[in-house]
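Have a look at the structure below, then the notes.
Computed over heavy atoms, backbone and side chain alike; hydrogens, waters and symmetry mates excluded. When a ligand or atom number is given, it counts from 1 through the structure's own listing order.
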Amino acid sequence: MKQFDGIFTALLTPFDQNDRVNEKVLKELVAFNIRMGVRGFYVSGSTAEAFLMTAEERKTVFRIVREAAPEQTLIAHIGCLCEKEAEALGEYAAALGYDAVSSVAPFYYKFSFEEIRSYYFRLAERVGLPMLVYNFPANSGVNLTFEQLSAFLRDDRIMGIKHTSSDFFTMQCCKSAFPDKIIYNGYDEMFLAGLSMGADGGIGSTYNFMADRFAAIQEHFRNGDKEKAYAMQQEANRIIRVLCRVGVMQAEKEILNQLGFDFGVCRRPFGTLTPDQKQLISREIIPKLSGC
Ligand code: MN9
């Protein structure tokens with residue numbers, strides 16, 4: 001039985017010079033994260049630039065990560081506006097032996113809650129894997145209330161929530177009403193707050209290069225060592241502040257480049273970093289990280 005608590009890296013996707021998924025580098029990144037002690041991976045999510053990729057590319061990523069992480073818990077993000085495509089992605093992940101699927105709420109058309117709910121249940125049913133609801137109001141424009149999240153959590157097909165929101169009241173209400181469901185904290189800079197309000201773990205983009213720190217924060221939290229946990233969160237946040245100034249995903253790829261991975265840049269329409277921004281990263285962030 002796979003375990004779902006702890007640290008799950010929301011993997012970035014390396015693209016090569018020709019803008020193709022770079023299999024070799026993705027495998028190196030997965031191995032680096034396994035060495036840092038992650039429980040598993042969240043594959044093909046927002047951080048992976050999933051919405052800028054074709055379904056074929058997302059399947060390729062599912063396969064590569066499965067091969068590189070045979071023992072870790074794997075959650076496949078299958079969300080996209082075309083439900084038929086989400087279903088095909090889910091079926092592919094299930095055939096590869098993924099442990100769960102996840103999806104952001106269907107967005108853009110301002111669907112009713114009833115429509116959103118049936119989207120999730122239909123997908124969970126058809127794919128046949130536990131479904132993790134990805135609640136990310138800031139980017140999806142869909143804000144799920146506690147009552148709405150409860151409608152998911154009381155159902156056996158739903159394993160839990162990835163809560164990318166600073167509404168920790170809602171998080172805590174979910175955990176106390178449904179203690180057996182898994183709640184992931186979504187904003188890395190608030191990981192410790194999430195743990196205090198009932199999160200079982202975190203799914204995050206900055207884990208790509210500092211998963212070990214977040215694993216340590218959770219360990220200190222479990223051992224009741226609040227001061228150490230707080231000090232480590234504060235250190236991580238000094239780094240995340242720089243990322244937020246520069247552009248989170250562009251900066252994350254540049255960090256990996258500077259750590260020695262041939263990671264490339266984000267896909268258009270994302271822009272590229274200026275020499276000054278790259279320098280800021282090498283001055284303010286790289287010395288604070290352990291190499292690979
Ligand atoms: O997966 C990530 N969310 C997004 C979670 O990228 C949208 C977070 O790790 C953030 O990137 C991070 C920086 O704000 O907390």
The answer for which part of K162 has a heavy atom under 4.0 Å from ligand 1 is side chain

Quick note on ligand 1: atoms under 4.0 Å from a heavy atom of V248 include exactly 11 (O)

For T47, the atoms of ligand 1 under 4.0 Å from one of its heavy atoms are 1 (O), 6 (O)

shortest atom 12 (C) of ligand 1-to-protein heavy-atom contact is with E189 OE1, 3.5 Å

Note: ligand 1 atoms sitting under 4.0 Å from heavy atoms of F136 are 7 (C)

The protein heavy atom nearest to atom 2 (C) of ligand 1 is G186 O, 3.8 Å

Heteroatom distance test (N139, ligand 1): nitrogen or oxygen, under 3.5 angstrom: no

Closest non-hydrogen contact found for Y98 with I75 is CD2-C, 4.0 Å

Quick one: do the Q258 and E254 side chains pair a donor with an acceptor below 3.5 Å?
yes

message = Would you say CZ of R241 has more than 12 non-hydrogen atoms from neighbouring residues, nucleotides or ligands within 6.0 angstrom?
response = no

Q) Do F152 and F113 have ring centroids that are under 6.0 Å from one another? A) yes

For I203, the atoms of ligand 1 under 4.0 Å from one of its heavy atoms are 1 (O), 5 (C)

### Task
Verify whether the ring centers belonging to F263 and F209 lie closer than 6.0 Å.
no

Test side chain to side chain donor-acceptor pair (under 3.5 Å), reference S44, set H77, K59, R58, output is R58

Should Y134 and S140 be marked as a side chain to side chain donor-acceptor pair (under 3.5 Å) after you check the CA-CA gap, both sets of side-chain angles, and the distance that decides it? CA-CA 10 Å; Y134 181 7; S140 68; over 6 Å; no

Near Y187 (heavy-atom distance under 4.0 Å), the atoms of ligand 1 are 15 (O)

Query raised in the report: Hey, is ligand 1 close enough to T164 that some N/O pair sits below 3.5 Å?
Result: no

re atom 10 (C) of ligand 1, the protein heavy-atom contact at minimum distance is S205 OG, 3.6 Å

The single option from R39, K175, K162 that satisfies salt bridge (charged side-chain N to carboxylate O under 4.0 Å, His left out) with D200 is K175

